[in-house]
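Scroll down for the structure; my scribbles are underneath it.
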Amino acid sequence: MSRKGGCFDREGGALKIATYNINGINGRLKTLLSWLSETNPDIVCLQELKAPQAKFPEKQLAEAGYASVWHGQSRWNGVAILLRGSEPVLTRRGLPRDPDRSQSRYIEAAVNGLLLGCLYAPNGNPAPGPKWDYKLAWLKQFTAHAKHLLSLDVPVILAGDYNIIPTEHDVYNSDRWLDDALFLPQVRRAYASLLKQGWHDAIATIHPDMPVYTFWDYLRHAWERNAGLRLDHLLLSPNLASRLKDAGVDRNMRGRPKASDHAPAWIVLDIE
DNA sequence: ATGACGGGGTTACCCCGA
C-alpha cells in the first residue's frame with residue numbers, strides 16, 4: 001500500500017475509521033470539531049448533514065486538517081467523507097439505479113488504498129406505506145451495489161446509518177420494535193443477505209456478547225434509561241477481516257450538551 | 001394512538017427523523 005494519499009501516523013500503521021450521524025452539520029459543527037480533535041480519526045463518514053451542497057463547512061473542516069467530499073441536500077439527508085491529511089478521490093454520488101435521485105444518501109471515495117461507501121439508508125416508517133416501499137427499494141439497489149463492490153476484489157468498507165436493527169440483541173426492548181421499519185423481518189433479512197455476501201460486521205465481530213448501541217432517541221429519556229439501538233454499522237469486505245484490530249462506539253458524545261441522537265462508531269484497521 | 005425532542009427552513013396548526 002502506497003503512502004501517497006495516506007496518513008499512516010497512527011501508532012503501528014493503524015487506520016481509524018469512524019461513522020457518525022451528525023444530525024445537522026452546521027448546527028453541530030462545534031461538537032464535530034471537538035470530537036475530531038479529541039479522537040483524531042483518519043477517515044470519517046458523516047450522515048444527516050441537513051445542509052445544501054453550498055452550505056457544507058468545507059473551510060472549517062480543512063482548517064481542522066480534513067479534506068472532504070460530500071453529497072448535500074436542502075433540509076434533509078446528506079452524506080460526506082472526510083480524510084485527514086489528503087484528498088478523498090470521489091468515485092460516485094448516489095447509488096446505481098437509485099430509486100430517488102433527489103435524496104442524497106450515498107457517497108463513495110477512494111481513501112488510503114480502500115474504497116469507502118458512506119450511506120444513510122431511509123428510515124422507512126410508517127410501515128406499510130410509500131416510505132417503507134422506498135426503504136426496501138433503496139436497500140435492494142444498495143445490496144446489488146455491495147455485491148458489485150465485492151466483485152472488484154479490492155478492500156472495501158461500507159459505513160453509515162443503515163437504519164436497521166440487525167438482531168434482537170441490538171435493541172433494549174425488541175418487543176416494542178417488532179412492527180417498526182427499523183426491525184421488521186424484511187430489513188433484518190436485507191442485512192443478513194449482506195453478511196451472506198461475505199461482509200463482516202466489525203462492531204459485532206469485536207463485541208459478540210454485549211449490546212453496543214449507537215442511537216438513543218431524544219424522547220422519553222432514552223439516553224438516561226440506556227434505551228438504545230444499534231443502527232450504525234461498518235461492514236468490511238472479506239479481504240479486510242484479518243486487518244480488524246478494534247471497534248467501538250464513542251458513547252460519551254451522546255451525553256454532551258447539544259448532542260446528536262447518534263454516537264460515532266469506529267474501527268481500527270492494521271494496514272501494515 | 002399520541003406526544004415528548006430537536007435538527008431543518010416556506011418561521012407554520014410546517015417538514016423530517018427513529
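Note that the structure is a prediction, hence the values are computed from the model and not measured. The chains referred to below are lettered A, B, ... by the order of the sequence lines, with proteins before strands, and numbering in each begins at 1.
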**Request:** List the steps and the verdict of side chain to side chain contact (heavy atoms under 4.5 Å, CB included) for Trp266(A) and Val44(A).
**Result:** CA-CA 9 Å; Trp266(A) 52 266; Val44(A) 180; over 6 Å; no
**Message:** Please classify the nucleic acid contact of Asp261(A) as base, sugar-phosphate, or nothing, using heavy-atom distances under 4.0 Å.
**Reply:**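 Here Asp261(A) touches no strand at all.
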**Prompt:** When we call it a touch if two heavy atoms are under 4.0 Å apart, what does Lys55(A) touch: a base, just sugar-phosphate, or nothing?
**Reply:**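 Nothing, no nucleic acid heavy atom in range.
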**Item:** Residues from residues 26-36 of chain A lying under 4.0 Å of DNA chain B - heavy atoms
**Value:**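 Under 4.0 Å from DNA chain B: Gly27(A), Arg28(A).
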**Message:** Tell me which residues in residues 178-193 of chain A lie within less than 4.0 Å of DNA chain B, going by non-hydrogen atoms.
**Reply:**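 Only Leu182(A) qualify.
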**Asked** Any salt bridge between Lys16(A) and Asp42(A), counting N to O under 4.0 Å?
**Response**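 The answer is no: the pair does not qualify as a salt bridge.
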**Prompt:** Hey, does Val79(A) have a side-chain heavy atom less than 4.5 Å from the side chain of Tyr106(A)?
**Reply:**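 When only atoms from C-beta onward are counted, Val79(A) and Tyr106(A) do not touch, as no gap falls below 4.5 Å.
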**Prompt:** Would you call the rings of Phe142(A) and Trp138(A) parallel, tilted or perpendicular if under 30° counts as parallel and over 60° as perpendicular?
**Reply:**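 Phe142(A) and Trp138(A): parallel rings.
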Rounding to an integer number of angstrom, what distance separates [N] and [M] when you compare their [atom1] atoms?
N	M	atom1	answer
dT11(B)	dG6(B)	C1'	15 Å
dA12(B)	dG8(B)	C1'	13 Å
dA1(B)	dG7(B)	C1'	25 Å
dG9(B)	dC15(B)	C1'	9 Å
dC16(B)	dT10(B)	C1'	14 Å

**Message:** I want to verify the glycosidic state of dC15(B); is it syn or anti under the 90° rule?
**Reply:**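 Here dC15(B) takes the anti form, which means its glycosidic angle is more than 90° from 0.
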**Prompt:** What residue pairs, at least two apart or across chains, pass salt bridge (Lys or Arg N to Asp or Glu O under 4.0 Å) with a residue in residues 218-242 of chain A?
**Reply:**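 Matches after skipping sequence neighbours: Asp170(A)-Arg230(A), Asp201(A)-Arg230(A), Asp217(A)-Arg220(A).
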**Item:** Contact boundaries on DNA chain B for chain A, cut-off under 4.0 Å to non-hydrogen atoms
**Value:**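 The contacted stretch runs from dG3(B) to dA18(B).
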**Message:** Under 3.5 Å for both pairing distances: what stems, at least three Watson-Crick or G-U pairs long, include DNA chain B?
**Reply:**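 DNA chain B stems, ordered by first number: B:5-8 with B:14-17.
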**Asked** Between Ser74(A) and Tyr218(A), who's closer to the 5' end of DNA chain B by nearest nucleotide?
**Response**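 Whichever sits nearer the 5' end wins; that is Tyr218(A).
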**Item:** Arg256(A): salt bridge (Lys or Arg N to Asp or Glu O under 4.0 Å) partners, not counting sequence neighbours
**Value:**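 Arg256(A) satisfies salt bridge (Lys or Arg N to Asp or Glu O under 4.0 Å) with Glu38(A) once adjacent residues are dropped.
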